[in-house]
There are 2 protein chains.
Amino acid sequence: MKSRLNPQYEARARIIKAMAHPSRLFIIEELQKQERCVGELTEMIGSDTSTVSKHLSVLRNAGLVSDEKRANSIYYTLRCPCVMDFIGCVEEVLSANAKEHENILKCCKK
Amino acid sequence: MKSRLNPQYEARARIIKAMAHPSRLFIIEELQKQERCVGELTEMIGSDTSTVSKHLSVLRNAGLVSDEKRANSIYYTLRCPCVMDFIGCVEEVLSANAKEHENILKCCKK
DNA sequence: TTCGTATTTTGCCATATAGCCAAATAGAAG
DNA sequence: CTTCTATTTGGCTATATGGCAAAATACGAA
């Protein structure tokens, strides 16, 4: 990380990095629909509770989600729903990649 | 990565991960304005050429940029300009975070 | 208080990443 | 062919990350 870039780029990268994990993308998508507690998310994801808890703390530290304790569970909410816009664009990249792949295959066959 | 999530989340995460670095965010932003070759980007970023080259290959492997050789330089272009939409949202998160921080400080002072 | 449930933290290991330098490669120019 | 320039690759080290299991914490209920 030795560069003379504006620190703003690091701040942005921190946020994006917090999203750059399959489980965390799932969590973001799920919380956009409704708030959820750790246990529920753990159940859906299918890995260790402690692992999911860490993912949630990554998202919380990035300011992407907020938490609220109710009864004896902690409920997480998506703070900036706009992050879901990311997904649409990412899908666009993925389908562009798929198309390219297809073209390459088509070429080879001929 | 032991979870029973749909593989689609991994594909998305790969793309987002490719963006999750200050230098690579800079490159994306720069390429959105105009195509650039490795040397130019290296100059702007201020780290080793090999480092920048590796960043570019990360972006290329993710399908985010494409390259074209002309004369004796390789010019890189942004393939899906929509990725720039990310930035607006990320900035929204950052300013929400800043606001929260401010509120916390305000509370403490009183 | 003690018990029980939900969540977080810690410790440890395996793997991945970023960075630089040096060596390898590609191709234009002479 | 040889040289020069631009870029990539390999080798290395340091650091960061993800995962699980176990211990610690928080807190409502009995």
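So you know, we letter chains A, B, ... as the sequences are listed, proteins then strands, and number each from 1.
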Considering only [options], which nucleotide approaches the side chain of [X] most closely?
{"X": "A/H21", "options": "C/dT9, D/dG19, D/dT8", "answer": "D/dG19"}
{"X": "B/K54", "options": "C/dA28, C/dG19, D/dT8", "answer": "C/dG19"}
{"X": "A/N72", "options": "C/dT8, C/dA6, C/dA16", "answer": "C/dA6"}
{"X": "B/S50", "options": "D/dT9, D/dG19, C/dT8", "answer": "D/dT9"}
{"X": "A/S47", "options": "D/dC20, C/dA16, D/dG11", "answer": "D/dC20"}
{"X": "A/K69", "options": "D/dA26, D/dG11, C/dT10", "answer": "D/dA26"}
{"X": "B/I74", "options": "D/dT7, C/dT7, C/dG27", "answer": "D/dT7"}
{"X": "B/D48", "options": "D/dT7, D/dC20, C/dC20", "answer": "C/dC20"}

Mind checking whether A/I87 and A/M84 have side chains closer than 4.5 Å, heavy atoms only?
yes
Give a yes or no answer on whether the side chain of B/R24 reaches the backbone of B/A18 with a donor-acceptor pair at less than 3.5 Å.
yes
Whole Å only: how far is the [atom1] atom of [X] from the [atom2] atom of [N]?
{"X": "B/L59", "N": "D/dT7", "atom1": "CG", "atom2": "C1'", "answer": "16 Å"}
{"X": "B/L5", "N": "D/dG18", "atom1": "CG", "atom2": "P", "answer": "14 Å"}
{"X": "A/K17", "N": "C/dA16", "atom1": "NZ", "atom2": "C1'", "answer": "11 Å"}
{"X": "A/I45", "N": "D/dC20", "atom1": "CD1", "atom2": "P", "answer": "11 Å"}
{"X": "A/E10", "N": "D/dA16", "atom1": "CD", "atom2": "P", "answer": "13 Å"}
{"X": "A/L41", "N": "C/dA6", "atom1": "CG", "atom2": "P", "answer": "14 Å"}
{"X": "A/E68", "N": "D/dA26", "atom1": "CD", "atom2": "P", "answer": "19 Å"}
{"X": "A/R24", "N": "D/dG19", "atom1": "CZ", "atom2": "C1'", "answer": "12 Å"}

Do the side-chain N and O atoms of B/N97 and A/R79 include a donor-acceptor pair separated by under 3.5 angstrom?
yes
State whether [X] places a side-chain N or O below 4.0 Å from either non-bridging phosphate oxygen (OP1 or OP2) of [N].
{"X": "A/H55", "N": "D/dT17", "answer": "no"}
{"X": "A/Y75", "N": "C/dT7", "answer": "no"}
{"X": "A/R70", "N": "D/dG28", "answer": "no"}

Do B/E29 and A/R12 sit within salt-bridge range, that is, some charged N less than 4.0 Å from a carboxylate O?
yes
Plane angle bin for B/H55 and B/H21 - parallel if under 30°, tilted between 30 and 60°, otherwise perpendicular:
tilted
Both A/S73 and A/T51 contact DNA chain C. Taking the nearest nucleotide for each, which residue is further toward the 5' end?
A/S73
Which sits closer to the 5' end of DNA chain C, B/G46 or A/G39, going by the nucleotide each is nearest to?
A/G39
Criterion side chain to side chain contact (heavy atoms under 4.5 Å, CB included) against B/Y75, the qualifying member of B/K69, B/E40, B/Q34, B/R36
B/E40
Base, sugar-phosphate or nothing for B/S57? Non-hydrogen atoms, less than 4.0 Å.
nothing
